[in-house]
Amino acid sequence: MNLKSVMIEKPEAVNFILGQSHFIKTVEDIHEALVNAVPGIKFGLAFSEASGKCLIRWSGTDPAMVNLATKNAMAIGAGHTFLIFLADGYYPLNVLNTVKNVPEVCHIFCATANPAEVLVAETELGRGILGVVDGASPKGVEEEEDIAWRKSFLRKIGYKIG
């Protein structure tokens, strides 16, 4: 078995969701779930088929995001995994539960805009995702001023009242 790290290639502000599912209709079902959850959403989706032709199946509403999704799916190369790249102004927070509720979705590895590395194991059969390194390690524990900043920030961007 060989282990490798695959860096997700994307613009700094772009959010993505990486998950695992189990069936070819994942592409259509996730697409429908996203457009029903957030009308007008701009995204790209790629699904790595694990049997048959073993193609990267894709869909989306934004060609640049579709390109990011297919490029990164090919680099990871793990069967039955999917990537959703969200265009500027769209966030995993608004679609994550919807994606989790798609019947084929087995697992979500991450949902982030942070720099991320996908840890991949390669065997004679193929590749599988072991986990994800999402952003940097903690540098300390928040103090009162950090708590005040967090609470203020969430209210400033409209996620909390008051």
Does [X] reach the main-chain N or O of [Y] with its side chain, forming a donor-acceptor pair under 3.5 Å?
X: Arg155; Y: Lys151; result: yes
X: Asn101; Y: Asn97; result: yes
X: Asp29; Y: Thr26; result: no
X: Asn114; Y: Ala116; result: no
X: Tyr90; Y: Gly40; result: yes

Does [X] share a hydrophobic cluster with [Y], counting links as ILVMFWY side-chain heavy atoms below 4.5 Å and allowing steps through other members?
X: Phe47; Y: Val102; value: yes
X: Val95; Y: Phe85; value: no
X: Val99; Y: Tyr91; value: no
X: Leu34; Y: Ile17; value: yes

Heavy-atom check, side chain of [X] versus side chain of [Y], under 4.5 Å:
X: Leu86; Y: Val14; result: no
X: Leu55; Y: Ser48; result: no
X: Ile30; Y: Val105; result: yes
X: Leu45; Y: Leu83; result: no
X: Lys42; Y: Met65; result: no
X: Ile108; Y: Lys100; result: yes

Would the number of heavy atoms belonging to other residues, nucleotides or ligands and lying under 6.0 Å from [atom1] of [X] be above 12?
X: Met7; atom1: CE; value: yes
X: Leu125; atom1: CG; value: no
X: Asp88; atom1: CG; value: no
X: Glu28; atom1: CD; value: no

Could you state the interatomic distance from [atom1] ([X]) to [atom2] ([Y]), rounded to the nearest 0.5 Å?
X: Phe23; Y: Cys106; atom1: CZ; atom2: SG; value: 12.5 Å
X: Leu119; Y: Leu3; atom1: CG; atom2: CG; value: 8.5 Å
X: Arg57; Y: Ile24; atom1: CZ; atom2: CD1; value: 4.0 Å
X: Lys160; Y: Ser152; atom1: NZ; atom2: OG; value: 14.0 Å
X: Lys71; Y: Ile56; atom1: NZ; atom2: CD1; value: 14.0 Å
X: Ser59; Y: Glu32; atom1: OG; atom2: CD; value: 9.0 Å

Practice task
Go through Lys4 and Glu122 one step at a time and tell me if the salt bridge (Lys or Arg N to Asp or Glu O under 4.0 Å) criterion holds.
Solution key: CA-CA 8 Å; Lys4 69 184 299 184; Glu122 186 171 19; 5.5 Å; no

Practice task
Give the C-alpha distance, both sets of side-chain angles, the deciding distance and a yes or no for side chain to side chain contact (heavy atoms under 4.5 Å, CB included) between Leu18 and Ile129.
Solution key: CA-CA 10 Å; Leu18 172 63; Ile129 296 174; 4.0 Å; yes

Compare every heavy atom of [Y] with every heavy atom of [X], then report the nearest pair and how far apart it is.
X: Pro103; Y: His22; answer: O-NE2, 4.0 Å
X: Ala50; Y: Gly79; answer: CB-CA, 3.9 Å
X: Phe82; Y: Ser21; answer: CD2-OG, 3.9 Å
X: Cys110; Y: Phe16; answer: SG-CE1, 3.6 Å

Handout entry: Residues Gln20 and Thr81: side-chain donor-acceptor under 3.5 angstrom
Key = no

Completion exercise
Sorted by chain and number, sequence neighbours left out, side-chain contact (heavy atoms from CB on, under 4.5 Å) with Val66 holds for Trp58, Thr70

Practice task
Let me see the working for Arg127 and Ile76 under side chain to side chain contact (heavy atoms under 4.5 Å, CB included), right down to the final yes or no.
Solution key: CA-CA 8 Å; Arg127 289 182 176 181; Ile76 294 167; 5.9 Å; no

Handout entry: ring pair (Phe, Tyr, Trp, His ring centres under 6.0 Å) assessment of Phe43 paired with His31
Key = CA-CA 9 Å; Phe43 71 93; His31 182 112; 5.1 Å; yes

Problem - Counterpart residues, side-chain hydrogen bond (donor to acceptor under 3.5 Å, both in side chains), relative to Glu12 (two or more places apart) - result: none

Practice task
Would you please classify the geometry between the Trp149 ring and the Phe153 ring as parallel, tilted or perpendicular, with 30° and 60° separating the classes?
Solution key: parallel

Practice task
Dump the intermediate steps for side chain to side chain contact (heavy atoms under 4.5 Å, CB included) on Leu93 and Tyr159, then the final yes or no.
Solution key: CA-CA 10 Å; Leu93 177 68; Tyr159 279 100; 2.9 Å; yes

Practice task
I would like to know whether Ile8 and Val118 meet side chain to side chain contact (heavy atoms under 4.5 Å, CB included); could you show each step before the answer?
Solution key: CA-CA 7 Å; Ile8 295 293; Val118 182; 3.8 Å; yes

